[in-house]
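All values derive from a computational prediction rather than experimental measurement.
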Amino acid sequence: MKENKKKIVLLVDNCTAHASLPKLKNIEDVLFPSNYTSILQPLDMGIIKCFKGYYRRRLVDSILINIENKVEEPFKAVNVKEACDNIAGSWWEVMEINNS
């Protein structure tokens with residue numbers, strides 16, 4: 001790049017991990033303003049909201065099943081495996097919408 005006199009701009013969000021970027025020749029790092037990455041990142045434009053909605057629906061369904069089955073503490077009866085299954089199922093629901 002140096003021989004060809006090319007320069008690159010590296011756009012970086014304000015994550016604390018990016019605070020100590022190395023100084024590179026022909027590469028200039030430009031930080032986004034605070035809270036600007038959510039506007040630019042595609043996952044923040046609805047996919048995360050959609051995923052959370054599916055996950056919450058599954059969680060509420062699970063709690064309702066626990067209430068119907070008269071589980072002693074229906075809100076605490078969700079275990080880690082069930083949470084992981086809900087996460088996976090919710091993500092697949094998001095993927096189905098995007099692929100159709």
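Summarising the geometry of Ser90 relative to Arg58, their closest heavy-atom pair is OG-CD, 3.2 Å, with the distance given to 0.1 Å. Asn66 and Pro74 get closest at one heavy-atom pair: ND2-O, 3.2 Å. For the pair Ile87 and Phe51, the tightest heavy-atom approach, listed with the atom from each and the gap, is O-CE1, 3.5 Å.
Each of Ile63, Ile67, Asn69 was compared with Ile65 under the side-chain contact (heavy atoms from CB on, under 4.5 Å) criterion, and only Asn69 meets it.
Residues Ile47 and Trp91 are in side-chain contact: their nearest non-hydrogen atoms beyond the backbone lie under 4.5 Å apart. The shortest side-chain heavy-atom distance between Tyr54 and Asn86 does not fall under the 4.5 Å cut-off.
Summarising the geometry, atom SG belonging to Cys50 is positioned 15.5 Å from atom OH belonging to Tyr55; distances are rounded to the nearest 0.5 Å. Rounding to the nearest 0.5 Å gives a distance of 13.5 Å between CG of Leu59 and NZ of Lys52.
Of the possible donor and acceptor atoms, one in the side chain of Asn79 sits under 3.5 Å from a partner among the backbone N and O of Lys81.
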